[in-house]
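The block underneath contains the structure these notes are about, expressed in structure tokens.
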Amino acid sequence: MFRKLLIANRGEIAVRVIRACRELGIRTVAVYSEADRHALHVRLADEAFCIGPPPAAESYLNIPNIMSTAELLGVDAIHPGYGFHAENPHFSEICQDVNIAFVGPSPEAIALMGNKAAARQRMKAAGVPVVPGSNGPVRNEAEAIEVSKTIGFPLIVKAAAGGGGRGMRVVHTREDLRRALQTAQAEAEAAFGSGEVYLEKYVEEPRHIEIQILADTSKNTLYLGARDCSIQRRHQKLLEESPPPGLRERYLGALGKAAVRAAHAINYTGAGTIEFLMDRDSRFYFMEMNTRIQVEHPVTEMITGLDIVKMQIAVAAKEKLGINQGDVHYSGHAIECRINAEDPRQDFRPSPGTLTAFVPPGGPGVRVDTHAYAGYVIPPYYDSLLAKVIAWGADRPEAIARMRRALMEFEISGVPTTIPFHLMVLDNAFFRRGEVYTNFVQRRIDLSVLTPRLTAVRD
Amino acid sequence: MFRKLLIANRGEIAVRVIRACRELGIRTVAVYSEADRHALHVRLADEAFCIGPPPAAESYLNIPNIMSTAELLGVDAIHPGYGFHAENPHFSEICQDVNIAFVGPSPEAIALMGNKAAARQRMKAAGVPVVPGSNGPVRNEAEAIEVSKTIGFPLIVKAAAGGGGRGMRVVHTREDLRRALQTAQAEAEAAFGSGEVYLEKYVEEPRHIEIQILADTSKNTLYLGARDCSIQRRHQKLLEESPPPGLRERYLGALGKAAVRAAHAINYTGAGTIEFLMDRDSRFYFMEMNTRIQVEHPVTEMITGLDIVKMQIAVAAKEKLGINQGDVHYSGHAIECRINAEDPRQDFRPSPGTLTAFVPPGGPGVRVDTHAYAGYVIPPYYDSLLAKVIAWGADRPEAIARMRRALMEFEISGVPTTIPFHLMVLDNAFFRRGEVYTNFVQRRIDLSVLTPRLTAVRD
Amino acid sequence: MTEPKLDLDQIRAVIKIASESPDVAELEVASETLKVVVKKVAGAVRAVVSTPASSPSASPAAVPSTQPAATGSTDQLVSITAPMVGTFYRAAKPDASPFVAEGDLVEPGQAVCIIEAMKLFNEIQSEVRGRVAKILVENASPVEYGQLLMLVDTTAP
Amino acid sequence: MTEPKLDLDQIRAVIKIASESPDVAELEVASETLKVVVKKVAGAVRAVVSTPASSPSASPAAVPSTQPAATGSTDQLVSITAPMVGTFYRAAKPDASPFVAEGDLVEPGQAVCIIEAMKLFNEIQSEVRGRVAKILVENASPVEYGQLLMLVDTTAP
């Protein structure tokens, strides 16, 4: 096992990794920007080193300063968390070059999955169902029209290097195809430096279902159940749950096996997630793979009792997983709500500020992952995720009731948060019946009637 | 189910009951003393009513004011928590008289178990093993000597109405018997208003093993595993775990069945705990029954996934448990550490004060039950329990590692706490091997070397 | 002229005195040769607790019982608070006239209202002489312990 | 009358006392010839968090980079901070003489030390004219971003 690990990240995920390391007996090195001097990950780590000024580009993305810190403090592993350099194959390669273990897959696996069109082709070859679409990038209108004849309308134009909804266009008729192609190419070029786009059948009202996998270097690859992340807003996940409501066991098995095939096809090691779209008839299609730990990993931890981050670190240290697929058992239902410092009444505008009060919820079945505390000043430089509340219940209704009471008792003053939004979702009749799809928020939630706080406090 | 429930308690257990009620959709009424005006239970409840000045005798023990509040606000149930009136048969009876459900057993069951000698006899009759001893109270030396001939030395003199170590004397030789008898009688008289004492065989280095039970009004009585509460100091539990380290499954079954027999013998309903002494040869003896929810109930909740407080409220509302013994499954290992506002270097002296910082631990497998928050002023009038940290692990070593990291990250400033003590226990080699007994702290922990804080913070 | 060195122990001693005095926010000590000003950290965390002020049940009872009311005229208005939980009645019976009305003069020991608790009627008496300035609770309302019931103006003629 | 020199050790001692007293937000010490005012950063959170003060890596960097040092003489001492993470060297080679020593006069643009990072040697230059008042890092030590390396007294002749 490693002796000393550097966390090239901040916020709740840095705290999460420190927790795992402390349980494994690994010393930790936190790096931080000048804006994070009082951050919890800095206070909890065994050592901490300032690596730059507030802007992420000059600190958390500053590879020379991160690598210098790693060498100066003699670490033998680096955990990238999520975001920042987590899916940068170059960063993973540099770690390899200086003989520091990168807690993640090989540069090749990261690079392959980073190119959506290449990933799609590899998955198709491996027998993982993909959405019918173009065979690689399409260069011009003529090619696109040719493809549309096979897959039909509606279809979607997507950036090969894309993500987060940029460089994406839904096309409903042949007439709209050319313009959509041009706009998507221009957007992709601007956002990712590559104008490559490809076409896919547009799955209407799909659910976002993903499979957590974990693979060691001895080719033992496990799937740890499925998560439903359909509650999104502009492709940003807001609420995740496991198991997906109403998903039958045989579909879970099929999804899991497909995910394991996907991982094997690219010699994957470590923790990863295969994201699928699922249509109304429970047909599923490979969407993309995230080659890192994900924000929503706790829901899987809650229903399996496994510590994914500890296992991820162990396999990076070339240890075997120690369990087989048959040892993975599921119990109950878990939901995660992302509490962002955003104002849901103001189009989810990020709202940095000082937390004048911060009393997290507790009690049975409630887990909180956060880097915040009373008095913490949220810097304006980074993402707005403030805390993750995860509620476990023996069944979905209990998990919902528990999440509701946890959010009602969560006291945060100083900044607006997404708590009122989540309470609205939890109280929604369609959500309660498990009728979720990726455009649920647009269709079912009227943000204009959000109250400042559906509060638990006596009126 | 109830519509509105009054919690006749304060602190973390009041918060715990409010959480259960909120998940069940029951409105809550908090009562509070003038010292608890800013307490969390007051802030979280739907309604709150001041019932008296700071001293408990004039507020939390003030039956007229509690019952007036219950009637004025129209509650249909009262939860007594633990302590205060939880084991007062008179209080339970008053509730009955005014047609308000008391969340607990009948006055008769409370009264019977409140008299240690009567309880012992009833248990013996029901076939529950009891420590060999006198058949009821002993009146004088002659009787005591007669009993000692059967049970041998060492033996223990105990107050019939006792608890908490008062009115107790261990006697090693026949010569010491008379004096011990007199002292114990005098102490019992002073402490409990009754000088009745009885004799028992003294079990050397026993473990404290207890069984959580839950019974509905249809005679369905479940046992929910065993807890080991051997880590005590002056009969105050400090750390509890489940399952008891090293306890073989067949003993758990025997203990569970004995506990269910005990409950049936007194027509018990609700949540309760049968406490046993277990000697080195795994022979166990009934010690006493607590006819209420206990501080350490969360360890059982963590390994069973059941919400004992919600179930306790449901059976008080005459609902059926809905599960049978075969539906109770155990998973992993859980440990609870009681974080008291006490100074372990100063003989565990209670230390009220203001919490200038309070950052509870989080992350996987960690539950915190507390009524404290940053800025909370701990009043000097009540007990010193500040927070309960419960850590779950797939096995005992993981639970220990997790508890250790949770306590290391728990930041409390303003008052000394028992955290350094717990870290010392968790690091103790005997504890790690599961070698625990009720005098573990005296034998294995050298409180004189306690550091102010075995801290996780970078040195 | 010799350069006097700073006496560090004296500075430390002043800080210690300030630290050990919880009520002190700022301490300034000046001798002929040395001046020390200590400003203590503001109750950062104290500010955190914002709830109590807005809690409806807390506000009325926040006035200390049987203490002069917290108004500008602290030496004139005396408060009468509920010594128990119960129902507040202004009269002994539904059809009887109220014990007192605003503007009435009361004497020490004079009954001013009744609180019914557990079927018992408890007469509440004024402890002072004065004029009833304000009755703050509606007839037949529930009152909690310490709740402010009436204000008596002791300077009134 | 000659201008008495600043006693840097005394200043440091006062700062140390302030740092070691968690309750103190501001400390002002004045003698006939010297006045030192120490204001602690964001008293609120820092005071709650006892770590930064006692954390070795945090304390030096707590002085803002390339800002006048936080002493009474704000307009005199200019700090030189590390613009990158790396190893601090006082000389270009192990056997060469140091770029500067305490008491040396430096000119703007003059190299004062080297920080090695990723096998590259980065020369750090003074931005001001003045006398090197203090070198705060040992040769060959690791330095973090923004760490205070040297103080330059710009009023020195």
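Convention: sequence-line order gives letters A, B, ...; per-chain numbering from 1.
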Ionic contact status for A/Arg22 with B/Glu409, cut-off 4.0 Å: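 So B/Glu409 does not pair with A/Arg22 through a salt bridge.
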Under 4.5 Å heavy-atom distance to chain A, tell me which part of [X] shows up: side chain, backbone, both or neither.
| X | result |
| --- | --- |
| B/Pro298 | neither |
| B/Arg404 | neither |
| B/Glu301 | side chain |
| B/Lys310 | side chain |
| B/Val359 | side chain |

Find the distance between CD (B/Glu411) and CG (A/Leu44) and round it off to the nearest 0.5 Å.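 With rounding to 0.5 Å, CD (B/Glu411) is 8.5 Å from CG (A/Leu44).
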Using 0.5 Å steps for rounding, measure from the CZ atom of A/Arg402 to the CD atom of B/Glu23.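 It is 4.5 Å, given to the nearest 0.5 Å.
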Within the structure provided, determine whether A/Arg16 and B/Pro364 are in side-chain contact (heavy-atom separation under 4.5 Å).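 In short, these two side chains touch, coming nearer than 4.5 Å.
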With a 4.5 Å limit on heavy-atom distance, are the side chains of B/Asp307 and A/Glu398 in contact?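 Yes - at least one pair of side-chain heavy atoms lies under 4.5 Å apart.
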Can you tell which of A/Arg19, A/Arg405, A/Glu12 has the highest number of heavy-atom pairs within less than 4.5 Å of chain B?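 Among the listed options, the one with the most contacts to chain B is A/Arg19.
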Heavy-atom pairs under 4.5 Å with chain A, option from B/Ala401, B/Ala372, B/Gly362 with the top count: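 Max contact count across the listed options: B/Gly362.
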